[in-house]
Amino acid sequence: RGFKILLSVVGNKDQVAANPTQYYQDFAAFLGGVAALNPDGIEVWNEQNIDREWPSGLISGTHYTTMLSAAYQAIKASNANVLVISGAPAPTGFFGGCSGAGCDDAPFMQGMARAGAGNYMDCVGVHYNEGIVPPTQTSGDPRSEYFTRYYKGMVDVYSGAFNGRNPLCFTELGYLTDEGFP
């Protein structure tokens, strides 16, 4: 019927913390098995820039890229037609940069780019779920002027981190509306 199948696959952050090197290989092997089932795309993890999703102390674009590299190679070895999408970071400016507890999405993406993540994905994962202003608006969000509040700001920063080499794939997209509410 023309539908495409995208699987967002998340592993176990506690197992990552226990033995990152071994877990990256085990997770990659698992994703190779998933790729053999012939989905159209696999998003490798989810919001790996926050400690709810990735182990505290290991949150960095470099650590994630190490895992993404192994996953990409296993997926492509199993099924070269599967689109590999990087895990989309949580859109946040909460951390004021990066620390062991979490990393804002812009420096996280820059860290991924410096670590070579662009070579291990077909597409940059994006979660634009902040939409309370129209996608054409570039300022005036009542919450703050953080770039992820604006569709264009997020697209420009994420694409810019990889010098426009890697396309963006939206794996979460959301706009709030007051329709139906008083």
Charged N to carboxylate O under 4.0 angstrom, Glu47 versus Arg52? yes
Spacing of OH belonging to Tyr158 relative to CE belonging to Met112, to within rounding of 0.5 Å: 9.5 Å
If I compare all heavy atoms of Pro55 with all of Ala17, which pair ends up nearest, and what's the gap? CB-CB, 3.7 Å
Ser86 side-chain N/O to Gly125 backbone N/O, donor-acceptor pair under 3.5 Å: yes
If we only count heavy atoms from C-beta on, is the Val124 to Ser159 side-chain gap below 4.5 Å? no
Would you say Lys152's side chain and Thr136's backbone share a donor-acceptor pair under 3.5 angstrom? no
Heavy-atom side-chain proximity of Asn46 to His127 below 4.5 angstrom: yes
In the structure I gave you, are the side-chain heavy atoms of Asn166 and Cys123 within less than 4.5 Å of one another anywhere? no
Might you work through the ring-ring contact (aromatic ring centres under 6.0 Å, His included) test for Tyr151 and Tyr128, ending with a clear yes or no? CA-CA 7 Å; Tyr151 176 83; Tyr128 182 72; 5.7 Å; yes
Give, for atom CG of Leu6 and atom CZ of Phe170, the distance between the pair rounded to the nearest 0.5 Å. 13.5 Å
Verdict with reasoning, Leu31 to Val9, per side-chain contact (heavy atoms from CB on, under 4.5 Å): CA-CA 8 Å; Leu31 290 178; Val9 183; 3.5 Å; yes
The test is side-chain hydrogen bond (donor to acceptor under 3.5 Å, both in side chains); show your working for Asp104 and Tyr146 and say whether it passes. CA-CA 11 Å; Asp104 295 337; Tyr146 191 67; 4.7 Å; no
Main-chain N/O of Val155 paired to Tyr150 side chain as donor or acceptor, under 3.5 Å: no
Is any side-chain heavy atom of Arg143 closer than 4.5 Å to one of Glu130? yes
Do Trp54 and Ile50 belong to the same hydrophobic cluster, where Ile, Leu, Val, Met, Phe, Trp and Tyr are linked whenever their side-chain heavy atoms lie under 4.5 Å apart, directly or via other members? no
For Tyr64 and Val44, what are the C-alpha separation, side-chain angles and deciding distance, and is it a side-chain contact (heavy atoms from CB on, under 4.5 Å)? CA-CA 10 Å; Tyr64 173 72; Val44 181; 3.8 Å; yes
Under 3.5 Å, is there a donor-acceptor pair linking the side chains of Gln73 and Ser69? yes
Is the shortest side-chain heavy-atom distance between Leu83 and Cys169 below 4.5 Å? yes
May I have the step-by-step check of side-chain contact (heavy atoms from CB on, under 4.5 Å) for Phe95 and Thr92, ending in yes or no? CA-CA 8 Å; Phe95 300 101; Thr92 182; 4.1 Å; yes
Check whether any side-chain heavy atom of Val34 sits under 4.5 Å from a side-chain heavy atom of Leu7, and report yes or no. yes
From Glu145 atom CD to Ser139 atom OG, the distance as rounded to the nearest 0.5 Å: 5.5 Å
For Asn38 and Asn79, does a side-chain donor sit closer than 3.5 Å to a side-chain acceptor? yes
Less than 3.5 Å apart, any donor N or O on the side chain of Asn19 or Gln15 sitting next to an acceptor on the other? no
One should read off an interatomic distance between Tyr72 OH and Ile42 CD1, to the nearest 0.5 angstrom, of 12.5 Å
Determine whether Ile132 and Tyr175 make a side-chain contact, defined as any pair of heavy atoms from C-beta on separated by less than 4.5 Å. no
For the pair Asp122 (side chain) and Val84 (backbone), establish whether a donor and an acceptor sit closer than 3.5 Å, ignoring hydrogens and angles. yes
Starting at OG1 of Thr138, measure out to CZ of Phe147 and round the result to the nearest 0.5 Å. 14.5 Å
Side-chain touch Val82/Pro39, heavy atoms, less than 4.5 angstrom: yes
Minimum-distance pair of heavy atoms, taken over all atoms of Pro20 and Leu58: CG-CD1, 3.8 Å
Hey, could you give me the CE/CG distance between Met121 and Leu68, rounded to the nearest 0.5 Å? 6.5 Å
Residue pair Gln137 / Asp141: nearest heavy atoms and the distance that separates them: NE2-N, 4.2 Å
Decide side-chain contact (heavy atoms from CB on, under 4.5 Å) for Phe94 and Asp105; before the verdict, give the C-alpha distance in whole Å, the side-chain angles of both, and the deciding distance to 0.1 Å. CA-CA 10 Å; Phe94 174 79; Asp105 50 334; over 6 Å; no
Is a side-chain donor or acceptor of Asp40 paired with a backbone partner of Ile5 at a separation under 3.5 angstrom? yes
Which label fits Phe27 and Trp45: parallel for a plane angle under 30°, tilted from 30 to 60°, or perpendicular past 60°? perpendicular
Quick check against the 3.5 Å criterion: does Thr65 have a side-chain atom that pairs as donor or acceptor with the backbone of Gly61? yes
